[in-house]
Visitor: 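Structure incoming, see below.
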Amino acid sequence: MRQGTALLLAAVAVTLLAHIHECAAAPTHQAVTAPSARHEHSHHARPQSAEPVRIDLDESTWDELEEEAHSISGHLHTQLQPQPRVHAGGARRRVAYPLHKIPHTLERRARAVTYSNTLIGYPSVVYSLNMLFGTPQQALRIIVDTGSANLAVATTSSAGTLNGDHFITSSSTTFVNTGGAVSTNYVLGSWSGSLFTDVVGFSSGPRITTEMAGITSSSGFFITSSSSFNNQGILGLAYKALANPHSDPVTPFLDTFIADNSLTDLFTMRLCEVNGTAFTRGGNLVVGGSATDVASLARSSFVFVNLTQELYYSVQATGISMGSTRLSVSCQLLNSPAGAIIDSGTSNLLVQQAVYDQIKSAFLSKVASLGLATPSDAFFEGRAFVSYTDSEVAQFDTITIFLKAPAAGQELPLVIQPWQYLRLVSSSGNLVRIWAISASCNTIFGVTLMSGYTVIHDRANKQLGFAPSTCDTQISMAARPALATQAIPNTVDISVCTIDSSICGSSSSTINLTTVGIVIGVVLGVIVIAALIIFKFLLCTRTAQVNSLEMTSKT
């Protein structure tokens, strides 16, 4: 009965739209294109011959008609049962609704709606959020990573998580096994499993049906040394071109979530630093909206730079300075082999060896000028720490990353404060700090840079926006130096910047990272740290996905 009523309403809506189209085609009414900012193409495929006539209607009329048509379509959609179809090759089934049974609606426009999520974590480990899986809902902690594109969650007790925590697929009435093996290698660890679909969402807001990977086994991927960072999966926020399996990449959760909810193709990330003894700092992930909607997360207006590809969130770096001294670095070296990547899944600042050597040399010169003890080689290799006070750290040089701005002859300076690369990991007893810069055959501006800024990933306009973050830090906000976010004239010629995609070489299967045990503890009544809690992770912890650009060997 309800389905028949819905079909009748659908027929009425289609008839209404037909009359609107006839009016638009009548000689007395000129058909014009509706504002593109308000109406985007529907994510459903439409035959070429059925291209709708767009007409200019006032705002209230658009809202009324769109709401009615979308309501009817949504009602019918809930009445249809998933129709599994065999994908090419027969190894993997996809769940899809027959499009011919779903009535065409008005062109959807991106809604000015945002979905905000609280992040948990801090720079030396990972940032994660809570997500809800299946029916009934199961809450799991998921890593957020802008350097990969798959949503993957542990689905067995032997997947490698702490205490065997995982998504219990047998308890979900909406679970559908689509088949097909999938695996991913990261610089730190790997996982393998199979594909399935189910209903997934953030801790609040709408939930969607999406395809994801069920992790059945892993090696060095999950953090098992501390319950504070007990994660059961990963949410890749990069482009579909980076998704696994390579032969038939799944549509990322983010793509489906944005399309199904008619959101602006944009998300904002704020990663907070450590503040004093608060080692679980967190931040925010906001999906949808605009710069205006996340203004409260920034201390000034956002300044945008163009993306150079739709794979990683890569931009063009134009230079690096240590203090007031610009390093002698070519544009090609800074941007090979895949551009300068902005990545929440890399905790360190990764630069080419020639760049790293100059940064290290300048740092050691500053250590000598301040009369401080020279750090050992083990410190730079991630196997030791230094104990500098806040006042001592404040005397070190800032590092400035320059990015190519859209305007000709302009570049955007982004400042890394010394306490971001001399990263605090314990404030009990001595102030324990680690070195958050690493040499690599890639340029990846990870959390070392991102922890100072709120970053808008504007996929719709293929650009990234930066503004100083409102996160509090170990330095009071009143005393914190301003971070530059205004484009300035270039001081070097960057008119030609050829990227060498082979710079890492075919033998480079991992980024040059060093494993370290971070020492955290307190001896009551003494001034030295004696109790050790070993956190097994990389200083430049990679939760960014390995890809075909030879950054790592991806399977």
Visitor: Using modelled atom types only, decide if a donor and an acceptor are shared between the side chain of Y127 and the backbone of C272 within a distance under 3.5 Å.
Guide: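 Yes.
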Visitor: Any sub-3.5 Å donor-acceptor pair from T470's side-chain atoms to L297's backbone N or O?
Guide: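 Yes, because the side chain of T470 sits within donor-acceptor range (under 3.5 Å) of the backbone of L297.
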Visitor: For L327, give me all partners under side-chain contact (heavy atoms from CB on, under 4.5 Å), at least two apart in sequence or on another chain.
Guide: I320, M322, V329, V355, Q358, I359
Visitor: Got a sec, which residues hit side-chain contact (heavy atoms from CB on, under 4.5 Å) with T156, two or more places apart in sequence or on another chain?
Guide: S158, A159, T216
Visitor: With H166, which residues qualify under ring pair (Phe, Tyr, Trp, His ring centres under 6.0 Å), at least two apart?
Guide: none
Visitor: My understanding is that only residues two or more places apart in sequence, or in another chain, count here; which of them pass side chain to side chain donor-acceptor pair (under 3.5 Å) with N306?
Guide: none
Visitor: Does any non-hydrogen side-chain atom of L266 lie less than 4.5 Å from one of I456?
Guide: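 A side-chain contact exists here, since the closest heavy-atom pair is under 4.5 Å.
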Visitor: Tell me, please, which residues at least two apart from T169 pass side-chain contact (heavy atoms from CB on, under 4.5 Å).
Guide: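 T155, F167, F175.
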Visitor: Kindly say whether G179 contributes a backbone atom to a donor-acceptor pair with the side chain of N177 at under 3.5 angstrom?
Guide: yes
Visitor: Hey, what's the ring geometry for W435 with F380, parallel, tilted or perpendicular (30° and 60° as the breaks)?
Guide: perpendicular
Visitor: Sort and list the pairs that fulfil salt bridge (Lys or Arg N to Asp or Glu O under 4.0 Å) and have at least one residue in residues 450-459, not counting sequence neighbours.
Guide: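 As it turns out, the salt bridge (Lys or Arg N to Asp or Glu O under 4.0 Å) pairs with a partner in residues 450-459, which skip direct neighbours, are D255-R459, D265-R459.
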Visitor: For F396, check ring pair (Phe, Tyr, Trp, His ring centres under 6.0 Å) against everything at least two apart and list the hits.
Guide: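 F363, Y388.
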Visitor: Donor-acceptor pair, E310 side chain versus A241 backbone, under 3.5 Å?
Guide: no
Visitor: Treating T448 as the side-chain partner and L349 as the backbone partner, does any N or O pair qualify as donor plus acceptor under 3.5 Å?
Guide: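 Looks like yes, one N/O pair under 3.5 Å.
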Visitor: Is there a side-chain contact between T197 and E211 (heavy atoms, below 4.5 Å)?
Guide: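 Result yes, sub-4.5 Å side-chain heavy-atom pair found.
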Visitor: Between L237, L235, I234, which is the residue that forms a side-chain contact (heavy atoms from CB on, under 4.5 Å) with L151?
Guide: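 Considering L237, L235, I234, a side-chain contact (heavy atoms from CB on, under 4.5 Å) with L151 is found only for L235.
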Visitor: Do the side chain of T308 and the main chain of S314 share a donor and acceptor less than 3.5 angstrom apart?
Guide: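 Yes, the answer is positive, given that a donor and an acceptor are paired below the 3.5 Å cut-off.
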Visitor: Going by side-chain contact (heavy atoms from CB on, under 4.5 Å), name the residues that satisfy it together with T400, two or more places apart in sequence or in a different chain.
Guide: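 Partners of T400 by the side-chain contact (heavy atoms from CB on, under 4.5 Å) criterion, ordered by chain and then number, come out as S321, T398, F402, P413, V415.
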Visitor: For the side chain of S440 and the backbone of N442, is there at least one donor-acceptor N/O pair under 3.5 Å apart?
Guide: yes
Visitor: Listed by chain and number, what are the ring pair (Phe, Tyr, Trp, His ring centres under 6.0 Å) partners of F257, not counting sequence neighbours?
Guide: Y115, F202, F253
Visitor: Can you list everything that forms a side chain to side chain donor-acceptor pair (under 3.5 Å) with Q332? Sequence neighbours excluded, please.
Guide: none
Visitor: Just jot down the ring pair (Phe, Tyr, Trp, His ring centres under 6.0 Å) partners of F267, sequence neighbours excluded, or say none.
Guide: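 Here the qualifying residues are Y313, H457.
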Visitor: I want to check something: taking the side chain as every heavy atom from C-beta on, are M212 and F133 in contact at a cut-off of under 4.5 Å?
Guide: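 Counting from C-beta outward, M212 and F133 do come under 4.5 Å.
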Visitor: I'd like to know if the side chain of T443 reaches the main chain of N335, judged simply by a donor and an acceptor atom lying under 3.5 Å from each other, with no hydrogens or angles considered.
Guide: no
Visitor: Within the distance-only criterion (no hydrogens, no angle test), does the side chain of N150 pair as donor or acceptor with the backbone N or O of N244 below 3.5 angstrom?
Guide: yes
Visitor: Does the side chain of L307 reach to within under 4.5 Å of the side chain of Y239, using non-hydrogen atoms?
Guide: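 Yes, close enough: below the 4.5 Å cut-off.
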Visitor: Report the residues that fulfil side chain to side chain donor-acceptor pair (under 3.5 Å) with S172, sequence neighbours left out, ordered by chain and then residue number.
Guide: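 Here the qualifying residues are T174, D198.
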Visitor: Any donor and acceptor pair, going by atom type alone, linking the side chain of R141 with main-chain N or O of I120 inside 3.5 Å?
Guide: no
